[in-house]
Amino acid sequence: MHDQLAPLLKQYFGYDAFRPLQREIIAATMSGKDVVAILPTGAGKSLTFQLPALAEDGITLVVSPLIALMKDQVDSLTAAGVPATFLNSSLDPADARDRSEALSHGEYKLLYAAPERVMTAGFIADLKRWNVKRIAVDEAHCISEWGHDFRPEYRQLAQLRKHLPGIPFLALTATATPKVRTDISRQLQMEKPETFLASFNRPNLSYSILPKSKPARQVFEFVHSRREESGIIYLQSRKATEAMAATLKAEGINAIAYHAGLDPSQRAKNQEAFIRDEAQIVCATVAFGMGINKPDVRYVIHADLPKNIEGYYQETGRAGRDGLPSECLLLYSRGDLIRNLRFLEDATDLEAKKIAETQMRRMADFAETATCRRSALLAYFGETWPDENCGGCDACLNPPEEYDATLQAQKLLSCIIRAKQACGFSTGANHISQVLAGANTAKVREYGHDKITTHGIGADTPREEWAALARQLIQQGLIDVSQDNYQTLNVSRKGSETLKSREKILLTRLPFTESTGASAKLSRAGNIPCDEPLFQALRALRKTIADEKSVPPYVIFGDTPLRHMARRYPQAKADFLNIPGVGTQKLEDYGQAFMAEIKTHLETNEKQSFDPLKTPAPPKMKTEGGLTGTQLETLDHFKSGKSIAQIAKTRDMVTSTIASHLVAAIIHGKITPNPRDFFSEETEKRIDACVATAEEGFTKLGPIHATLNGEIPYETLKLYAAFKSLETPA
Ligand code: ADP
Ligand code: ZN
């Protein structure tokens, strides 16, 4: 099979090798199994159904949630010479009829359609006639209520099973949470699906977090030095997106706004302008992104704090789909957390409110910790980053250094004490920073804080630095924060003792500078050095051709092939075909134009030479998709049909250890077993009843074990808890 696939990979897509897991996923789906593939954005999921479609007869139905996404994929496939089409409501009836006709004659290998269309009676009848070989469900997390883009229509898809018996499903998503994963296989009624889960590390993305002071200025500084590049700026409110776009425009930067409040035609127009490289920057709410396949987004800035880490990961994930180095910048202020929490105040669903609040606080913790961003992000998805230094985040590249902060800390602590003495109540970090800086605001005067001795004793230090210092002293337990929304500060017992004893206070220096320019170009992983002027010339040519054909520029060529062209200066067909991303169709359609452009360039410019590209070996993950070696070994035994007791015997381990391995496998979605493989319905009901009265639910097993008189072994309880954790939101 592989022998047949490699030539197709080269011929149509211009690639010489598979990316991690592509080959495995393709093999599994071609063997007729149901498959769930969870790979991060940019990993190359599309290829795993496109290539089998080319290798087999019949057609592959691709269910896709958005019309824009379908058109984009079909345009890209058509440019690569792959016979593909889509059917949706944007087509006029005559066009739709022509396409159906062609499908009946087997003229297409791939058919894209939205779920609501797929489930109509007429369409199902057509599908039965069209020799459908496989159903690929793209953005499969849309099927789950726990996902971030729930679409009820996706739920209907399981009914295709009875209309098209025996046709394998291939579900694809970049959403990593276990509950979404299990929901996918359950909702699609998959039997024993094979699950593939990649590491969620995005090696070409770099992460940095800066204290937010003047966001518009900080954003401008950042984008100003990246004039030629596309970027997304996420903001919390519609108004803020408009304001940011206006500010940047006033500075001569081509920015547009995008939010759900724009009328649909304007929204579509703005999105199109971004995709077609006519607008460099889109200032958007989180409404923007899902329909965007633009592979060359070079940076994503969060100017406001996202509501949860999952959202932050998804949104930053829209940068660098093409694998070239891209940056993610977050501007953080504690005030954003408070504002986010305030949104929750009126929530009536208390359970949901609690979950949302926890997630918001975790996001803020992430932003406030000065350790490796990548490893913190991956830890959230249950992965362990193996290296000390990730080489691609601000914390690793500019590690915080320890310094003697005794004097500064003393000023801050005594200011908190004096301020409270003066007005009789405690105030927040922001206010204290103002007092230290010597601000003369109405509030400062009203509280009598302009009269205290600490007023203005910190005028030599920026206010943001005082706020950051306060955060560190909170972390060290020298300051207590009130648990209400006001987050007022009090010097703790430990704080006043430290103050009295004049003990030395050591802190780590955070990147205090608010200057985003300082974070410039962190990560070079995946960089392809090339003749930059030629690269720009080739980009311009790409844009001209794309406009003529009325497609986005990246449909013609991505940045990666253009960079390779601008290193190798191909002048013969064979050399051009050797450029990664150039297949035979593209050679035929565009080879001449691009080689001519290169030739013209060389008439007035010298060839530059470049060192051979080093493909950096990915760091050796201690775990594969969150599982350790020993856990994987247990998993293999389990998959071959052995019981816990049998595996324990074979591996010479106790049953509870084996159970804990399986628990990890369940939680990481490596298996989606049936609870009945492990305990009876009766047992489940017994535990349910006990959990219902237990104070801490199923999170503490000890009390439950005791209440049940120890009759149900711990390993059963652990497995029970694993299943339950998949059912409820984390
Ligand atoms: P995903 O759907 O997982 O986000 P895509 O399918 O859009 O990712 O692929 C991301 C990019 O990677 C595309 O530009 C695609 O052409 C490229 N790509 C896919 N497979 C390979 C491969 N084997 N070698 C090189 N590039 C690849
Ligand atoms: Zn790091």
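Atoms within a ligand are numbered from 1 in the order they appear, just like the ligands themselves.
Between the side chains of Ser144 and Gln187, no donor-acceptor pair of N or O atoms lies under 3.5 Å. Using modelled atom types and a 3.5 Å distance limit, the side chains of Arg117 and Asn88 yield no donor-acceptor pair.
Scored by the ring-ring contact (aromatic ring centres under 6.0 Å, His included) test, Phe366 finds Tyr312 as partners (sequence neighbours excluded).
What you find for Leu587 and Phe576 is that their closest heavy atoms are CD1-CD2, 3.6 Å. The nearest pair of heavy atoms linking Gly320 to Arg202 is O-NH2, 3.2 Å.
Cation-pi geometry between Arg374 and Tyr207 is not satisfied (NZ or CZ under 6.0 Å from the ring centre, within 45° of the ring normal).
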Inset, instruction - Just do the ring-ring contact (aromatic ring centres under 6.0 Å, His included) check on Phe557 and Phe594 with the steps written out, would you? - result: CA-CA 11 Å; Phe557 283 122; Phe594 281 83; 5.1 Å; yes
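Only protein N, O or S atoms were considered, and those under 2.8 Å from the Zn ion (ligand 2) are Cys372 SG, Cys390 SG, Cys393 SG, Cys396 SG.
Using a 4.0 Å cut-off between charged nitrogen and carboxylate oxygen, Lys33 and Glu194 count as a salt-bridge pair.
Within 4.0 Å of ligand 1, protein heavy atoms belong to Tyr15, Ala17, Phe18, Arg19, Gln22, Pro40, Thr41, Gly42, Ala43, Gly44, Lys45, Ser46, Leu47, Arg321, listed by chain and number.
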Taking only distance into account, with no hydrogens and no angle test, what donor-acceptor pairs under 3.5 Å do side-chain atoms of residues 74-84 form with protein atoms, sequence neighbours excluded?
residue : atom : partner : partner atom : Å
Asp75   : OD2  : Lys71   : NZ           : 2.9
Ser76   : OG   : Asp72   : O            : 3.1
Thr78   : OG1  : Val74   : O            : 2.6

